[in-house]
*Asks:* 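Once you've had a glance at the structure underneath, I'll fire off some questions.
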Amino acid sequence: VLFIVRYGGESNLEQVYRRTFGEKIPAGLSVLPLRVPRGLNSLFSSRAYSILKREHQKNPLTAVFSRNTTFLSHMARLRKKLSVPVYYETHDFHADLSLRDDLSRKALKRRKRLEKLERRHIPRIDGVVCLHETQREVYRKVFPGVNFHVAGTGINRIHEHAPGGRFIT
């Protein structure tokens, strides 16, 4: 498994991984850091696409998962040109901003690009992974022919917290 991650140049990738995910890098997971300044998602996406294309030529990819909306166009391209199954893990909903009443006018304007990306590319990929059933239902209304899956968040650990209480993360 290859995990491509934006890397700010910290000196120890193992420490960055542990800080982000709360554990050491698992055996069998190759972490490839890409040094790309914050705010340059398109540069990160282009570099990641090139790496995946090159890796696929060496050893065919089984599947690609991404949670980056700006990577959707590259995912659709990987599927079309290399026949690689691709899945988008969504952490928000941009496909129909008219359904959102929680965004300011300024936020709506910034997210218009993300709306266009989701509308154009979600129908061109193999599926979308949602965090909960409600999110899946909203997406299904916009994209009735797309495969949607739910991989809900869960409990990682239960910690003892205060006398008689427990804290769940």
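Source: prediction; values computed, not measured.
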*Asks:* Quick one: does Glu89's side chain have a donor or acceptor within less than 3.5 Å of a partner on Cys130's backbone?
*Replies:*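 Such a contact is absent between Glu89 side chain and Cys130 backbone.
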
*Asks:* Just checking, is any N or O donor in the side chain of Thr70 or Asn68 under 3.5 Å from an acceptor N or O on the other one?
*Replies:* yes

*Asks:* Any idea which heavy atoms bring His74 and Ser46 closest together, and the distance?
*Replies:*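 Scanning both residues completely, I find the closest heavy atoms to be NE2-N, 3.8 Å.
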
*Asks:* Restricting to non-hydrogen atoms, name the atom on Phe148 and the atom on Phe143 that form the minimum distance, rounded to 0.1 Å.
*Replies:*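 Heavy-atom minimum between the residues: CE1-O, 3.4 Å.
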
*Asks:* Regarding Arg111 and Asp92, does a basic nitrogen lie under 4.0 Å from an acidic carboxylate oxygen?
*Replies:*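 A salt bridge is present here (some side-chain N lies under 4.0 Å from a carboxylate O).
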
*Asks:* Closest heavy-atom contact between Leu52 and Leu61?
*Replies:*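 Scanning both residues, the minimum pair turns out to be O-CD1, 3.6 Å.
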
*Asks:* Out of Glu118, Arg67, His121, which residue meets the side chain to side chain donor-acceptor pair (under 3.5 Å) rule with Tyr88?
*Replies:* Glu118

*Asks:* I need the minimum non-hydrogen distance between Leu82 and His56, along with the two atoms involved.
*Replies:*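 Where Leu82 meets His56 most closely, the heavy atoms are O-NE2, 3.6 Å.
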
*Asks:* I want to check something: taking the side chain as every heavy atom from C-beta on, are Glu55 and Asn59 in contact at a cut-off of under 4.5 Å?
*Replies:*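 Counting from C-beta outward, Glu55 and Asn59 never come under 4.5 Å.
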
*Asks:* Heavy atoms only: give me the nearest Val150-Glu133 pair and the separation to one decimal.
*Replies:*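 Looking at all heavy atoms of both residues, the shortest contact is CG2-OE2, 3.8 Å.
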
*Asks:* Would you find more than 12 non-hydrogen atoms of other residues, nucleotides or ligands less than 6.0 Å from Arg120 atom CZ?
*Replies:*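 No, because the 6.0 Å sphere around CZ of Arg120 holds 12 heavy atoms or fewer from other groups.
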
*Asks:* For the NE2 atom of His149 and the CZ atom of Arg136, what is their distance to the nearest 0.5 Å?
*Replies:* 8.5 Å

*Asks:* Flag yes if Ile122 and Leu114 sit in one hydrophobic cluster, no otherwise; membership is Ile, Leu, Val, Met, Phe, Trp, Tyr, and two members link when side-chain heavy atoms are under 4.5 Å apart.
*Replies:* no

*Asks:* With respect to Arg79, which candidate in Val86, Val64, Val84 satisfies the side-chain contact (heavy atoms from CB on, under 4.5 Å) definition?
*Replies:*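 Exactly one pass, corresponding to Val86.
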
*Asks:* Atom CZ of residue position Arg113 - does it have more than 12 heavy atoms of other residues, nucleotides or ligands inside 6.0 Å?
*Replies:*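 Open.
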
*Asks:* Work out which heavy atom in Thr90 is nearest to a heavy atom in Val128; give both atom names and the distance.
*Replies:*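 Shortest heavy-atom separation between Thr90 and Val128 comes out as CG2-CG1, 3.8 Å.
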
